[in-house]
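As the structure is a computational prediction, the values presented were derived from the model and not from experiment.
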Amino acid sequence: MRNRAFPILALLASASFGLPPAEAWAQEEPSADAVIATFEKLSGVHAGLRRNHAKGLCASGSFQASADAGALSASTLFSGQSVPVTARFSVSGPDPAVADTLKNPIGMALQFQLPGGELQNMTMIQVPVFLAAKPADFLELLQAQVPDPATGKTDPEKLKTYVANHPEFKNFAGWMATHNPPASYAETAFYSVHAFKFVDSGKKAQWVKWRFEPRDGEKFISDEEMTTLPKDFLAARLSERAQKGPILWDMVVVLGEKDDPIDNPTIPWPANRREIKAGTLTLTKVGEDAAGQCEDINYDPNLVSAGIETSPDPILAFRSSAYAVSYGKRLDEKAK
């Protein structure tokens, strides 16, 4: 099971999304334990590591907000002061040995240490949308990828059935099908996927999404490089880049309008929405030189500061319990 992408990604180039959905299943909220247990069936248990995004790299630096952001949210994240940040870059999936050259979504998680001991988390991926609208759908997708214990192989028919029955998957699938892995963690944008509410000092609210745009520009590896680059090239390149100087991303906040969905992360907002530059993330240390222990942080995106609120997105809400189960397991394993 090593060095492989999620099986669902093998269908991206050939999947048909025009098939009529089968009879809808009853949508019952799955338990976080069931989701984490299914992750463990995909490539086994790797003690002490996250059950998803197991492969990762720490970094640290700071964030400084713009005046425009301070006008939208009363959070001290946007006070204009330099705020310390502990970051973690990662490759999705439960296998810590997965190759960076495969088509797996990558992530950037940030924890901001705000004045007065307050914390703010942001957990993002390089894809603008998520792959499931509800926790039950997400669990169904994971279950479709569990290999047969006898053969060690995934049943492709289960994956085809999932795709046919879930047309909301097409936005994520379409993006992944047309993008190779990034040339570096420093050369890709990262998206919030979920909507959040910014509340200003006068209690005026604004629904937003955000992305972090790399100052180094976006670049993706070629088809040939997918077969020739080392399997851990992303970490190596980020470490090399950090030795040349600070790595910067601009935080761009997208302002939602009436009827923009705030509870379904599979649907992108229209491209013509107004945007503001909310600040700049600057990372100066990577890997063993990074301050803070990112591997011991639970990057639950529901941990927000005063002036920022979560949305009624069921996937976002579910991440708290799933992250907590994964976090508890790895802490227990490290203590043994």
Side-chain angles (χ1 to χ4, degrees), residues 1-11 25 27-58 88-100 102-107 109 123 125 127 130-159 161-163 166 169 172 176 193 231-232 293-302 314-336:
M1 297 297 292
R2 298 252 179 205
N3 295 334
R4 57 190 289 278
F6 278 151
I8 192 69
L9 301 181
L11 295 178
W25 291 13
Q27 290 286 321
E28 295 184 4
E29 184 81 352
S31 70
D33 289 306
V35 169
I36 297 304
T38 306
F39 269 117
E40 293 176 342
K41 293 177 182 178
L42 292 175
S43 67
V45 174
H46 303 280
L49 300 182
R50 286 170 168 81
R51 271 29 184 191
N52 190 17
H53 288 262
K55 183 179 186 178
L57 177 72
C58 296
R88 185 177 189 268
F89 295 90
S90 60
V91 180
S92 67
D95 185 357
V98 66
D100 298 342
L102 298 177
K103 282 196 174 187
N104 278 321
I106 66 170
T123 306
I125 57 174
V127 188
F130 196 59
L131 46 72
K134 299 177 181 178
D137 299 331
F138 183 61
L139 177 58
E140 184 185 347
L141 175 59
L142 292 179
Q143 291 171 334
Q145 300 174 75
V146 173
D148 186 318
T151 65
K153 296 181 179 180
T154 301
D155 182 353
E157 292 305 315
K158 292 182 179 180
L159 295 174
T161 298
Y162 180 88
V163 170
H166 293 274
F169 180 69
F172 174 88
M176 289 298 300
V193 176
K231 72 181 187 69
D232 299 321
Q293 298 296 321
C294 80
E295 292 302 337
D296 292 332
I297 293 176
N298 178 9
Y299 284 100
D300 178 357
N302 293 279
I315 290 286
L316 175 60
F318 187 78
R319 291 173 76 171
S320 278
S321 56
Y323 280 38
V325 171
S326 174
Y327 185 66
K329 284 195 169 191
R330 56 194 176 93
L331 286 185
D332 288 343
E333 290 159 357
K334 286 181 179 181
K336 293 179 180 178

Quiz prompt | Rounded distance (nearest 0.5 Å) linking atom OG1 of T38 with atom CD of E40 | solution = 9.0 Å
Quiz item: How many angstroms lie between atom NE2 of H53 and atom OG of S90, to the nearest 0.5 angstrom?
Solution: 4.5 Å
Self-check item: Option from Q145, R50, R51 for which side-chain contact (heavy atoms from CB on, under 4.5 Å) with F39 holds
Solution: R51
Quiz prompt | side-chain hydrogen bond (donor to acceptor under 3.5 Å, both in side chains), paired with K55, selected from N104, D232, D95 | solution = D232
Self-check item: Residue pair L131 / M176, side-chain heavy-atom distance below 4.5 Å
Solution: no
Self-check item: Step-by-step side-chain contact (heavy atoms from CB on, under 4.5 Å) determination, C58 to E295
Solution: CA-CA 7 Å; C58 296; E295 292 302 337; 4.2 Å; yes
Self-check item: Interatomic spacing from CG in L42 to CD in Q143 - rounded to 0.5 Å
Solution: 10.0 Å
Practice problem: Using a strict cut-off of less than 4.0 Å between a Lys/Arg side-chain nitrogen and an Asp/Glu carboxylate oxygen, indicate whether E29 and K134 qualify as a salt bridge. | Solution: no
Quiz item: Relative to the ring of F169, is the ring of Y162 parallel (under 30°), tilted (30 to 60°) or perpendicular (over 60°)?
Solution: perpendicular
Quiz item: Judged by atom type as modelled, is there a donor-acceptor pair below 3.5 Å linking the side chain of N302 to the main-chain atoms of L316?
Solution: yes
Quiz item: Just by distance, do the side chain of Y327 and the backbone of Y299 share a donor-acceptor pair under 3.5 Å?
Solution: no
Quiz item: Where is the tightest heavy-atom contact between P94 and A54, given as atom of each residue plus distance?
Solution: O-CB, 3.5 Å
Exercise. Starting at CD of Q293, measure out to CD1 of I297 and round the result to the nearest 0.5 Å.
Key: 8.5 Å
Quiz item: Between T154 and V146, does a side-chain contact (heavy atoms from CB on, under 4.5 Å) hold up when you go through it step by step?
Solution: CA-CA 6 Å; T154 301; V146 173; over 6 Å; no
Self-check item: Check: D300/N298 side-chain N/O donor and acceptor closer than 3.5 Å
Solution: no
Quiz item: Got T123 and R319 here, is their nearest side-chain heavy-atom distance under 4.5 Å?
Solution: yes
Quiz item: Going by heavy atoms in the side chains, are P135 and I315 under 4.5 Å from each other?
Solution: yes
Exercise. Mind checking the CG-NE2 spacing from D137 to H166? Nearest 0.5 Å is all I need.
Key: 4.5 Å
Practice problem: Taking all non-hydrogen atoms of both residues into account, name the closest pair between N52 and G93 and its distance. | Solution: OD1-N, 2.7 Å
Practice problem: Would you please test K329 and V45 for side-chain contact (heavy atoms from CB on, under 4.5 Å) and show each step? | Solution: CA-CA 10 Å; K329 284 195 169 191; V45 174; over 6 Å; no
Quiz prompt | Gap separating the CD atom of E333 from the NE2 atom of H46, nearest 0.5 angstrom | solution = 11.0 Å
Quiz prompt | Main-chain N/O of F318 paired with S321 side-chain donor or acceptor, under 3.5 Å | solution = yes
Quiz item: Do any N or O atoms from the side chain of S326 and from the backbone of A322 form a donor-acceptor pair under 3.5 angstrom?
Solution: no
